[in-house]
Amino acid sequence: MNGPEGPGSLAGQLLVATPVTGEFFHRSVVLILHHDEDGATGITLNKPMSAQVSAVLPEWQPHVTAPGVLFQGGPVQTDSAMGLVSVPGGEAVQTEALGIAMLFGGLALVDLDAPPPVVVPELAGLRIFVGYAGWGAGQLEAELIEGAWYVVEREPRDPFHESADLWRDVLVRQRNSLSMLANYTTHPEQN
C-alpha cells in the first residue's frame with residue numbers, strides 16, 4: 001500500500017474496526033493522518049460526544065460541520081483538541097498564512113488558536129476532535145496482522161459524514177466480502 005507519505009504508509013486511508021479491535025474502538029472508523037516506521041497517528045471519525053464545541057472553543061461553534069459537537073478522536077491526549085478541515089482547492093490555497101497545515105486530498109489540520117474569521121472563508125468542512133489515536137513503531141502493523149482493522153480507501157465525504165453509522169456505511173460500499181460484515185452483530189443469534 002502506498003499512502004501520501006511514501007511506500008507502505010497508510011496515511012489518508014481508513015481503518016475500520018473488526019470484532020476483535022477492543023471496546024474503545026468498537027465499530028470505529030479511524031482516519032490515518034500520519035504513518036511511518038516510527039508509528040502512526042489518526043483520529044476516530046465516528047464517535048460524537050454530547051458536548052457542544054462551544055464548551056471548549058466557543059468562537060468555532062458557528063463554523064463546525066453538523067452536528068456541532070466535539071468528537072472523541074482517540075484515547076491519547078484527551079486534554080487537547082484538533083481541528084480537521086476540508087480545503088477546496090487544496091494545495092493551491094496559501095494555507096500557511098491561514099494557520100492550516102495540509103495533510104492530503106484537500107484535508108488539513110487547522111490551528112484552533114487562529115481567529116475563525118481569517119480561516120473559515122477558505123474551508124468547506126470543519127470537525128473538532130478531542131484526543132487522537134496513536135501507535136508506536138510496529139504497533140499498528142501488529143494489530144493489522146492480528147486482524148484488528150480492515151484498511152479501506154477514504155472517500156472525500158468520510159471525515160464530515162452525517163450518518164449515525166459511518167462504520168456500517170463504509171463497509172457497505174466495499175466491493176468485496178467486507179460489505180457483508182456491515183450487518184454483523186455481537187448477538188450471534190441475529191447473524
Side-chain angles (χ1 to χ4, degrees), residues 4 11-17 21 23-35 40-135 152-173:
Q13 303 288 311
L14 298 178
L15 299 181
V16 180
T21 303
E23 190 57 37
F24 183 87
F25 289 107
H26 177 74
R27 291 194 178 216
S28 290
V29 177
V30 177
L31 172 64
I32 297 297
L33 302 177
H34 171 79
H35 180 225
T41 57
I43 49 175
T44 305
L45 298 176
N46 62 330
K47 298 290 183 184
M49 301 170 74
S50 59
Q52 294 288 310
V53 169
S54 61
V56 292
L57 296 161
E59 65 279 7
W60 288 97
Q61 182 68 54
H63 310 292
V64 294
T65 303
V69 298
L70 296 168
F71 280 71
Q72 180 67 52
V76 180
Q77 289 190 353
T78 56
D79 58 346
S80 65
M82 177 182 311
L84 183 71
V85 296
S86 176
V87 182
E91 275 58 315
V93 177
Q94 294 294 348
T95 57
E96 290 77 22
L98 299 174
I100 298 171
M102 293 305 300
L103 294 168
F104 39 73
L107 291 177
L109 294 177
V110 66
D111 179 357
L112 295 172
D113 292 328
V118 172
V119 178
V120 169
E122 301 296 332
L123 307 180
L126 166 65
R127 284 261 162 90
I128 298 180
F129 297 87
V130 175
Y132 64 90
W135 295 266
V152 301
E153 294 290 321
R154 167 187 48 85
E155 289 189 359
R157 69 177 184 261
D158 290 337
F160 310 101
H161 195 273
E162 292 189 36
S163 167
D165 198 355
L166 179 62
W167 181 85
R168 183 181 187 287
D169 294 346
V170 168
L171 287 174
V172 164
R173 73 177 186 229

Working to the nearest 0.5 Å, report the span between [atom1] of [X] and [atom2] of [Y].
X	Y	atom1	atom2	result
L33	F104	CG	CZ	5.5 Å
E153	R173	CD	CZ	9.5 Å
L14	E155	CG	CD	9.0 Å
I43	S28	CD1	OG	12.0 Å
K47	L166	NZ	CG	10.5 Å

Restricting to non-hydrogen atoms, name the atom on [X] and the atom on [Y] that form the minimum distance, rounded to 0.1 Å.
X	Y	result
L126	F160	N-CE2, 3.6 Å
W135	G42	CZ3-N, 4.1 Å
A11	H35	N-CB, 4.0 Å
I32	L15	CD1-CD1, 3.5 Å
A133	V30	CB-CG1, 4.4 Å
P159	R154	CG-CD, 4.5 Å

Is there side-chain contact between [X] and [Y], with heavy atoms separated by less than 4.5 Å?
X	Y	value
S80	V130	no
V119	W60	yes
L31	L84	yes
L112	I128	yes
M49	V69	no
V87	I100	yes
F129	Q72	no
M82	L109	yes

Side-chain donor or acceptor of N46 paired with backbone N/O of R27 under 3.5 Å:
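Yes: the side chain of N46 pairs with the backbone of R27.
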
Where the side chain of T44 meets the backbone of G73, is there a donor-acceptor pair that is under 3.5 Å apart?
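Indeed, once roles are kept as given, a pair shorter than 3.5 Å links the two residues.
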
Under 3.5 Å, is there a donor on one side chain and an acceptor on the other for D169 and H161?
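Side-chain D/A pair, D169 to H161: present.
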
